[in-house]
Amino acid sequence: MGFFDYFKPNKNVSKTKIKLGLALSGGATRGCAHIGAIRAFEENGIDFDFIAGTSAGSLVGAFYCAGLDSNKMEEALKQIKSSEIKNSKLFFMPSKTEGIEALITKNLGDILFSDLKKPFCAVSVDLKTGHEARLTSGNLAKAVAGSCAVPGFFNPVEYDDMILVDGGLTNTIPSDVPRQFGCDYVVAVDVNRTRGYGTESTKLIDVMSASIRIMTKANAQKGIAGADILIQPNLQKYKSTKLDCFKEMISEGYNETLKVIPEIKKLMGIVDHNITEPKHMSLKLLRKQKKQKKLKDLLKK
């Protein structure tokens with residue numbers, strides 16, 4: 001039996017365990033919020049049987065499946081320089097993806113999908129066929145780079161007999177992928193819920209950016225509809241091309257995920273009254289919640 005065969009539906013075997021899948025959306029630097037979501041999962045004992053990621057989601061998903069916890073991911077994030085990822089000095093010239101590949105090999109080594117601790121799929125698009133490419137084998141860094149290769153911003157990536165570009169063109173929230181591999185329920189984290197806005201500019205870079213946003217908005221509806229639980233942190237005030245507010249984005253992902261932890265545990269058949277409180281919540285909000293709780297207790301009496 002192959003590495004991923006376990007996750008394919010088998011009609012001859014009765015289910016004894018609920019299989020839970022995780023889908024991580026694209027969203028460029030807003031993908032930092034995925035780390036916050038994973039932190040909330042870790043603190044509440046939520047484990048996943050299969051992870052699928054598109055673009056930025058594939059990068060975080062690869063780290064997660066390799067065994068890095070949210071703290072190590074954040075440490076890796078602190079060391080990233082934008083110039084190392086987007087390395088073209090000319091704004092109208094796409095960058096090579098070596099920076100993305102180097103980020104993975106620096107933190108994980110030159111590993112294959114089969115070396116991962118959790119089954120993982122990086123979603124990309126094959127330019128040759130125009131079809132979605134669901135990558136589950138081969139060189140991890142190269143596959144993730146292909147999933148992140150936004151047309152016009154990064155060069156396409158040659159992978160086996162394919163030419164890969166950003167998976168967000170066809171499947172920016174890959175909720176359907178974990179189901180393909182036998183998951184009963186899927187939790188999706190969408191870090192780019194404000195996608196789809198246009199532009200009044202006619203500059204090449206602005207037109208390309210708006211076009212990609214519009215395309216991803218259309219296919220995002222498929223991923224939203226396919227998720228049993230959808231987590232959508234509000235990241236509108238953060239630029240998807242800047243990393244200077246990565247801590248704030250992590251916190252947004254963390255706090256939004258905590259809101260649905262009871263729902264996830266219910267899917268898993270777990271009853272837990274001790275849900276973790278947001279550690280990064282402001283003191284002002286914590287005091288407000290405590291006052292509300294005291295008021296409710298008084299009313300009960």
Side-chain angles (χ1 to χ4, degrees), residues 20-41 46 48 50-65 70 73 77 100 120-125 132-135 143-151 153-154 164-181 183 185-197 209 212-236 238-241 243 246 249-250 252-257 259-260 264:
L20 190 64
L22 176 64
L24 302 175
S25 81
T29 55
R30 288 176 177 171
C32 297
H34 286 314
I35 298 174
I38 288 171
R39 179 166 291 157
F41 297 143
I46 305 295
F48 295 91
F50 190 94
I51 292 86
T54 296
S55 199
S58 74
L59 179 60
V60 176
F63 281 169
Y64 182 44
C65 291
S70 57
M73 289 187 214
L77 195 60
I100 299 172
F120 171 63
C121 176
V123 178
S124 188
V125 172
E132 186 173 312
R134 299 183 172 184
L135 310 172
V144 170
S147 180
C148 294
V150 180
F153 294 88
F154 292 102
L164 302 178
V165 291
D166 193 322
L169 297 181
T170 60
N171 199 354
T172 191
I173 309 173
S175 300
D176 57 329
V177 179
R179 292 194 197 280
Q180 178 193 355
F181 290 93
C183 288
Y185 299 109
V186 178
V187 176
V189 184
D190 176 18
V191 298
N192 198 21
R193 72 181 191 183
T194 56
R195 63 173 64 81
Y197 61 93
S209 298
I212 292 171
R213 290 195 300 268
I214 292 165
M215 280 190 290
T216 57
K217 182 180 181 180
N219 75 62
Q221 299 307 312
K222 174 183 66 174
I224 291 171
D228 295 289
I229 293 177
L230 179 66
I231 302 165
Q232 289 184 305
N234 186 358
L235 305 169
Q236 185 174 6
Y238 306 109
K239 290 186 178 180
S240 61
T241 55
L243 277 170
F246 74 90
M249 288 189 277
I250 290 174
E252 293 283 358
Y254 176 82
N255 291 332
E256 195 64 27
T257 301
K259 296 176 184 178
V260 301
I264 298 173

Side chains of [X] and [Y]: does their closest heavy-atom pair fall under 4.5 Å?
X      : Y      : result
Thr172 : Ser55  : no
Leu235 : Thr194 : no
Leu24  : Tyr64  : no
Tyr254 : Pro233 : no
Ile35  : Leu77  : yes
Phe153 : Asp166 : no

Mind listing the closest non-hydrogen atom pair of [X] and [Y] along with its distance?
X      : Y      : answer
Gly26  : Val191 : O-CG2, 3.5 Å
Arg179 : Tyr185 : NH1-CA, 4.2 Å
Gly168 : Thr54  : N-CG2, 3.3 Å
Ile51  : Gly61  : CG2-CA, 4.2 Å
Ala122 : Ala143 : CB-O, 4.4 Å
Asn219 : Leu169 : ND2-O, 3.2 Å

Hey, could you give me the [atom1]/[atom2] distance between [X] and [Y], rounded to the nearest 0.5 Å?
X      : Y      : atom1 : atom2 : value
Thr29  : Tyr238 : OG1   : OH    : 11.5 Å
Gln221 : Ile173 : CD    : CD1   : 7.5 Å
Phe50  : Cys65  : CZ    : SG    : 8.0 Å
Arg30  : Arg193 : CZ    : CZ    : 10.5 Å
Leu230 : Glu256 : CG    : CD    : 9.5 Å
Phe48  : Leu20  : CZ    : CG    : 5.0 Å

Donor-acceptor pair, [X] side chain versus [Y] backbone, under 3.5 Å?
X      : Y      : value
Ser124 : Val165 : yes
Ser175 : Gly223 : yes
His34  : Gly253 : no

Candidates Ile38, Ile250, Leu59 - the one meeting side chain to side chain contact (heavy atoms under 4.5 Å, CB included) with Met73: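 Exactly one option meets the side chain to side chain contact (heavy atoms under 4.5 Å, CB included) with Met73, and it is Ile38.
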